[in-house]
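For ligands, and for the atoms within them, numbers begin at 1 and follow the listed sequence.
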Amino acid sequence: MEIIERISEIFSETFGEAPIHIARAPGRVNLLGEHVDYNDGFVLPAAIDRATYIAFSPSNSDQTTLLAVDLNQQASFSPQTIPSKTQIDSSPLPDWAHYPAGVMWALLEEKLSTPAMNSVYASDVPRGSGLSSSASVEMAFMIAWQTLDSWALPPMRLALLAQKAENQYVGVNCGIMDQFASACGVENHLLLLDCRSLEWKTIPLPEDVAIVIADTTVRRKLTSGEYNKRRAACEEAVRLLQQNLPNIKSLRDVSVEDFNWLAGKLPDEVSKRARHAVEEIERTNQAEALLEAGNIQHFGELMNECHISLRDLYEVSCPELDVMVRIAQSLEGCYGGRLTGAGFGGCIVNLVAHEKAEEFAQSLAKGYQSETGYHPEIYITRASKGAELLA
Ligand code: GLA
């Protein structure tokens with residue numbers, strides 16, 4: 001595979017010998033349950049066939065060196081420089097290196113060892129696109145350090161540690177969905193995760209349906225600030241609703257009926273954010289039965305409703321995502337389409353009848369380009385295996 005050859009070659013040129021190991025960790029796409037993982041809700045992602053690949057070997061020195069091929073940049077750090085977010089030469093760690101360094105930080109917090117390594121990595125998960133490129137980088141480094149030392153943790157534990165790295169080292173208050181999907185992906189299956197109990201099951205993807213991902217190629221800045229604000233609004237809603245519903249711990253515990261009764265007591269913006277979460281959790285409650293009954297039509301309608309809610313209540317869409325979703329939903333063979341991931345630009349996800357998928361991709365590309373002037377990237381994806389050591 002091209003990307004593996006490329007990182008192996010660059011590794012040999014940089015470090016003077018071939019890498020001993022190769023690991024891969026996929027990105028993910030989420031079909032339903034958006035912005036509810038941090039509200040203890042249910043999510044329905046799949047790991048995708050795009051991933052971060054890392055070539056690595058133990059190093060003789062005590063410093064870990066990384067080369068990010070896609071950025072053409074290098075960084076090096078050690079357990080001693082981790083707390084100050086600096087490199088071996090005392091310069092600040094570049095932002096992109098906070099993800100791998102955060103993984104080292106989270107492992108050290110756990111009293112696990114993180115042997116020094118030389119590594120080269122590259123990804124075909126587009127950055128900032130809502131397909132969890134960051135989680136895939138984190139999980140690739142988890143696998144690397146796990147490989148170089150004798151500890152072994154279950155995939156869900158690795159995912160929780162990667163989430164901790166992102167929350168506390170990188171500073172994005174994300175939920176567990178992305179790291180979970182990257183760690184636990186199963187080929188040709190959707191993953192249904194209860195973000196409260198962390199129990200999960202797989203749901204086979206019907207054979208006659210394709211997941212089509214389309215990238216608006218639009219990226220918004222300041223996403224993490226807006227993301228953290230959305231999460232804070234949900235927490236604020238819980239605090240206020242507890243005055244009438246003292247037993248609730250998160251929006252997961254609020255029924256649509258109770259919410260309708262109490263919504264008027266909340267400030268407008270908080271009420272909109274919380275309504276999205278409460279209703280989205282209700283939608284995901286229906287998902288399993290619909291998929292098991294093969295009722296893709298109805299499931300697709302829930303995806304469409306989800307987009308409207310993300311656009312109007314959660315306000316994480318943007319004009320280009322809305323245009324793309326409108327065109328997608330109007331095309332033949334499309335069961336449902338919506339923005340996927342955190343929003344603010346990036347990708348949409350569509351469920352499309354298999355035999356129409358190619359035609360759908362072409363018409364969507366043409367329509368979107370003529371309305372916006374942007375060239376979209378469209379891929380018919382396969383649900384893939386989670387993070388793994390390849391060699
Ligand atoms: C980002 C976060 C996830 C999740 C989604 C929205 O991808 O990392 O934890 O909250 O946004 O569903």
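Taking any N or O of Ser132, backbone or side chain, none lies under 3.5 Å from an N or O belonging to ligand 1. Any N or O atom pair closer than 3.5 Å counts here, and Ile176 shares no such pair with ligand 1. On a distance-only criterion, His35 and ligand 1 share at least one N/O pair closer than 3.5 Å.
In this structure, Arg230 does not pair ionically with Glu315, as no charged nitrogen and carboxylate oxygen lie closer than 4.0 Å. Using a 4.0 Å cut-off between charged nitrogen and carboxylate oxygen, Arg326 and Glu371 count as a salt-bridge pair. The pair Lys385-Glu187 fails the salt-bridge criterion, with no side-chain N (NZ, NE, NH1 or NH2) lying under 4.0 Å from an Asp/Glu carboxylate O. Under 4.0 Å is where a charged nitrogen must lie from a carboxylate oxygen, and between Arg239 and Glu236 at least one such pair does.
If you number the atoms of ligand 1 from 1 as listed, the ones under 4.0 Å from a heavy atom of Tyr38 come out as 10 (O). The Asp37 neighbourhood of ligand 1 comprises atoms 3 (C), 4 (C), 9 (O), 10 (O), with distances under 4.0 Å to a heavy atom of that residue. Listed by number with element, the atoms of ligand 1 under 4.0 Å from a non-hydrogen atom of Gly175 are 9 (O). Those atoms of ligand 1 that come under 4.0 Å of a heavy atom in Tyr227, given as number and element, are 1 (C), 2 (C), 3 (C), 4 (C), 9 (O), 10 (O), 11 (O). Numbered from 1 in the order shown, with element, the atoms of ligand 1 that lie under 4.0 Å from a heavy atom of Met177 read 4 (C), 5 (C), 12 (O). With ligand atoms numbered from 1 in the order given, ligand 1 contributes 6 (C), 12 (O) to contacts under 4.0 Å with heavy atoms of Glu34. Residue contact check: Cys174 has heavy atoms under 4.0 Å from atoms 2 (C), 8 (O), 9 (O) of ligand 1.
Nearest non-hydrogen protein atom to atom 7 (O) of ligand 1 is Asp178 OD2, 2.7 Å.
If you look at Arg28 next to ligand 1, the close heavy atoms, those under 4.0 Å, all belong to the side chain.
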Going by atom type alone, with no hydrogens or angles, which donor-acceptor pairs under 3.5 Å involve a side-chain atom of residues 95-103 and a protein atom two or more places apart or on another chain?
{"residue": "Trp96", "atom": "NE1", "partner": "Gln73", "partner atom": "OE1", "Å": "3.0"}
{"residue": "His98", "atom": "NE2", "partner": "Leu93", "partner atom": "O", "Å": "3.3"}

Going by atom type alone, with no hydrogens or angles, which donor-acceptor pairs under 3.5 Å involve a side-chain atom of residues 154-179 and a protein atom two or more places apart or on another chain?
{"residue": "Arg157", "atom": "NH2", "partner": "Glu110", "partner atom": "OE2", "Å": "2.5"}
{"residue": "Gln163", "atom": "NE2", "partner": "Cys174", "partner atom": "O", "Å": "3.1"}
{"residue": "Gln163", "atom": "NE2", "partner": "Gly175", "partner atom": "O", "Å": "3.4"}
{"residue": "Glu166", "atom": "OE1", "partner": "Gln179", "partner atom": "NE2", "Å": "3.3"}
{"residue": "Asn167", "atom": "ND2", "partner": "Val172", "partner atom": "O", "Å": "2.9"}
{"residue": "Asn167", "atom": "ND2", "partner": "Cys174", "partner atom": "O", "Å": "3.1"}
{"residue": "Tyr169", "atom": "OH", "partner": "Ile82", "partner atom": "O", "Å": "2.7"}
{"residue": "Asp178", "atom": "OD1", "partner": "Arg28", "partner atom": "NE", "Å": "2.9"}
{"residue": "Asp178", "atom": "OD1", "partner": "Arg28", "partner atom": "NH2", "Å": "3.1"}
{"residue": "Asp178", "atom": "OD1", "partner": "Ser132", "partner atom": "OG", "Å": "3.4"}
{"residue": "Asp178", "atom": "OD2", "partner": "Ser132", "partner atom": "OG", "Å": "3.2"}
{"residue": "Gln179", "atom": "NE2", "partner": "Glu138", "partner atom": "OE1", "Å": "3.0"}

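His35 pairs with exactly one of Arg273, Arg231, Glu280, His276 by the side chain to side chain contact (heavy atoms under 4.5 Å, CB included) rule, that one being His276.
Residues Ile380 and Ile211 fail the side-chain proximity criterion, which asks for heavy atoms closer than 4.5 Å.
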